[in-house]
Every structure is written in C-alpha cells, then in structure tokens.
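Hydrogens, waters and symmetry mates are skipped; everything else that's a heavy atom, side chains included, is used. Note that ligands are numbered from 1 as they come in the structure, with each ligand's atoms numbered from 1 the same way.
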Amino acid sequence: METSGAQTVGATTALTIDLDALVGNWCRIRDALGAAPGCSGAPGGAAGTEAAAVVKADAYGCGARTVAPALYRAGCRTFFVANLSEALDLRPVLPRDAALAVLCGPHPGEEGFYRDAGLTPVLNSATQMAFWHAVPFAATWPCFWHIDTGMTRLGLDPDDLPPALPYPDNPPVLMTHLACADEPEHPVNPDQVARFRAALDRIPGGHALRTSVGASGGIVLGGPYHGNLVRPGIVLYGGNPAPGHAAPLSPVVRLQAKILQIRHIDTPKTVGYGATARVEKGARLATVGIGYADGYPRSASNRAVACLGDYRLPVTGRVSMDLVTLDVSHVPEHLTPPGTMVDMIGPDYGIEDLAQAAGLISYEILTGLKPRCPRVYGPIGPGREETA
Ligand SMILES: *Cc1c(COP(=O)(O)O)cnc(C)c1O
C-alpha cells in the first residue's frame, strides 16, 4: 500500500483513496463518450470526444502526484490544473506526451516555465492572448481559448475574439464552462451552448476547431454539452455533479476515525462546546479522534452520522478541533471498544451524504480534508447494500 501525507503511526484518522475505483470512474466516462447519443451534435466539427481529467487542488484532495500518473497509465492524455504552481508540481511525474493545461492561464514572466515544463496555457482574456501570442514559441505551441458564455468569471468575452486566427496552422482548442450543469433543466444550459456556437461563428473556420465544453455536470447532460474534450473533475473522485440525481460512479474515498473513549451516561448530561446536545441516563457515547482540523466540517455538528457496519452513529454535540462525539447507545458494546475505526465517510455514507448534512457541497468536503489525515491508497470495500 502506498501512503502519503501525515505519519500513519499514532494517527487517529485514516483517509483511504481507492485508486482503482477512481481510474475505473475515468474509464467508464471515456467508454461512455464513444457511445454517447448526440455526440455528433456537439459544438465543433472535429470527430470524437476525448476524456481529460481535472486534477486541480491536489486532485480534489486525493493526491495529484499519485492520481494523475494512475490516470495516465489508463490512457488519459490531457490534464487540467488551476495554476502554474500546481502544474510545476505535477509535471515531473507526468510523461511529456500528456498535455498539462493551466486553467488560469499564463502571466508575463511565466512563459519560460510553460516552455521548459511543456505546459498548455488556457487564454482567458484579450490581454492574456496578446501577451501569449507574442511569445517566441507561440506559433507552434498548443493552447486553449476559454470563451465565457455565462460564468462571468474567467474567459474571453465573445467581442474580444480576434477577427482571424493568429496562427491558422496551429489553431487553439476552444473551451467554455457551464454555470448550471448541476441542474439539468436549467435554461442557462442551452443558452450557453447557443452562445458558444455564436462565438464559433465569429472565428474563421471556428466550427472545424476542437472544442471542450462539459465538466462533470455537462458530461451527465449529454452530447451537446460535451464538445471534443470533456473535463471531468468531481465525478472521478466519487462526487455527484447533480445531487438529487443518481450518483453515476463508484465511491473513491473513505475517511475513518478511531474511537478513543466510551462514555457511559448515568445522569442526564450535555455534550461538547456550547452544550448543544443532551443525553439521558443509559446512553453510551463514543469519542472519536477527528475534528475540523482534519477537515471534518463543524457544520456537521448534531446533523451528520458515522457508520459502523450496519449501525448509524449520530454526531452528538459540536464537532471540535480534534474530537467528535457519537451516540452509540444502540450498538452492542462489544463492537465499540476503544481503538475501533468508524467510517465518517464511507461506502454507506458518502461525501454527498456528509455534504448535505453539513450544508456543503462534496467539492468542499474533499478539498477540505487536511494533511493531518494520513492518506493511504487501497480498496475501500463495498457498501453494506452491495454485500447484503
Ligand atoms: C473545476 C473545473 C472543472 C471540473 O469541474 P467538475 O465539476 O469537478 O467536473 C472543469 N473545467 C473548469 C474550467 C473548472 O474550473
């Protein structure tokens, strides 16, 4: 088993990342793209749709330097990170025939890093285009043009598109990003595709260029939202881009915490900071060694559960920095000796469940996991429903 991050000896948490499940999620997306109905209706004329992988934010907390090479071995050849720092960190472990694209794009003085590390810039503004197209190697260097069609975040306003391609023999890949792909019925989705097509109209030969539209949500929406290169992030890591709709892929992450102490309650008591929970005589509580300093959200206080076998253990009282108290009154005592690991996130209570209980999104849960949790790469095992 590969490990990374904190020392495992003496840790009271364990973060297991199932690389096979993660790679399997990518493979399923890649395989489904070949067969996706409506692919021919995708914006852009070039044939076929490729699956990239978004590995920004340390592969959503799963360890980019382990995840990206595993995806490369499965055939992934295009990776996206948020900034140059992430790209430079990842490049040494990714072979040069993998494109490594930087979403925030290059800034003056960084071009040498792009050249030496073989990085692909995403050009997001007229200023960034003017700067990049003047660098000495731009004529032969790949790049993306990110056209803003409704995010109003990064991206070129369609009015900023140049009247002609600066290097017609080396055209950019044209990309856009969807704002509402987590809501399949949202009218902004078709609007953005229409705006993207209108932007392609303005570029000579624009409809023959490669395009990249869908992230995880767009992949689920289907062909017109794909383009020739999709950019899945959260689905690779087991998150659901459209909560409320069936989670399409396998869980990848398991977060366990160790029972440190069992408390037998013989008179009514309050639990934790703020005395926000009350337990009665006869209750039994397990204190586990995880807290918000590990990335377990404080907003899960009195709302989330942990799992032990088929049992659900309610979080009782506030989550503190290093500790969480669970109600184990209904669990046979021999199952909860100190030292027992319980699942705070697992196959039966996934990142979406915890996110929903805590009023967060799965992206925040994953990227919020802290270095104090030692990371172990290995199987996370099937959920109870699957074994039943
Ligand atoms: C983060 C990001 C993605 C991946 O999004 P998911 O919803 O995690 O699939 C794709 N494209 C861009 C531009 C992004 O910023």
Side-chain angles (χ1 to χ4, degrees), residues 22 25-26 28-30 32-33 43 49-62 64 67-68 71 76 78-84 86-87 90 99-106 120-125 128 143-156 172-184 186 188-189 192-193 196 210-222 225-245 247-249 251-253 350-352 355 360-369:
L22 195 163
N25 286 342
W26 183 83
R28 267 193 269 171
I29 290 168
R30 175 201 58 196
L33 288 172
T49 296
E50 176 192 345
V54 178
V55 292
K56 62 191 179 186
D58 201 21
Y60 292 49
C62 291
V67 166
L71 290 169
C76 185
T78 305
F79 297 83
F80 287 88
V81 291
N83 62 39
L84 175 61
E86 291 184 325
L90 197 53
L100 182 49
V102 180
L103 287 167
C104 79
T120 306
V122 176
L123 306 179
N124 290 297
S125 67
Q128 210 162 37
C143 69
F144 287 83
W145 290 4
H146 177 189
I147 301 167
D148 178 30
T149 57
M151 278 293 279
T152 323
R153 197 174 65 164
L154 289 178
L156 288 148
V173 179
L174 303 175
M175 82 171 237
T176 195
H177 192 54
L178 301 171
C180 304
D182 57 333
E183 294 177 58
H186 204 294
V188 163
N189 294 322
Q192 282 195 263
V193 170
F196 192 53
R210 289 190 86 217
T211 59
S212 176
V213 179
S216 298
I219 293 169
V220 175
L221 290 179
Y225 297 95
H226 291 171
N228 306 113
L229 176 75
V230 290
R231 305 186 306 275
I234 195 75
V235 276
L236 302 178
Y237 310 102
N240 187 343
H245 298 75
L249 299 162
V252 167
V253 169
I351 49 180
E352 295 298 344
L360 300 172
I361 59 172
S362 56
Y363 300 70
E364 291 175 281
I365 299 283
L366 283 179
T367 60
L369 296 172

Would you confirm whether [X], through its side chain, and [Y], through its main-chain N or O, come within 3.5 Å as a donor-acceptor pair?
X	Y	answer
W145	S125	no
D58	Y60	no
Q128	P106	yes

Using a 3.5 Å cut-off on N/O to N/O, what pairs does ligand 1 make with the protein? A line per pair would be great.
residue: ligand 1; atom: 7 (O); partner: Y363; partner atom: OH; Å: 2.6
residue: ligand 1; atom: 8 (O); partner: Y60; partner atom: OH; Å: 2.5
residue: ligand 1; atom: 8 (O); partner: I234; partner atom: N; Å: 2.8
residue: ligand 1; atom: 9 (O); partner: S216; partner atom: N; Å: 2.8
residue: ligand 1; atom: 9 (O); partner: S216; partner atom: OG; Å: 2.5
residue: ligand 1; atom: 9 (O); partner: G233; partner atom: N; Å: 2.8
residue: ligand 1; atom: 11 (N); partner: H177; partner atom: ND1; Å: 3.4
residue: ligand 1; atom: 11 (N); partner: R231; partner atom: NE; Å: 2.9
residue: ligand 1; atom: 11 (N); partner: R231; partner atom: NH2; Å: 3.4
residue: ligand 1; atom: 15 (O); partner: K56; partner atom: NZ; Å: 2.7
residue: ligand 1; atom: 15 (O); partner: R153; partner atom: NH2; Å: 3.4

Go through I29 and L236 one step at a time and tell me if the side-chain contact (heavy atoms from CB on, under 4.5 Å) criterion holds.
CA-CA 9 Å; I29 290 168; L236 302 178; 3.9 Å; yes
Go through the steps to decide whether C62 and V253 satisfy the test side-chain contact (heavy atoms from CB on, under 4.5 Å), and finish with yes or no.
CA-CA 8 Å; C62 291; V253 169; 3.9 Å; yes
Sequence-distant partners of D182, salt bridge (Lys or Arg N to Asp or Glu O under 4.0 Å), two or more places apart
none
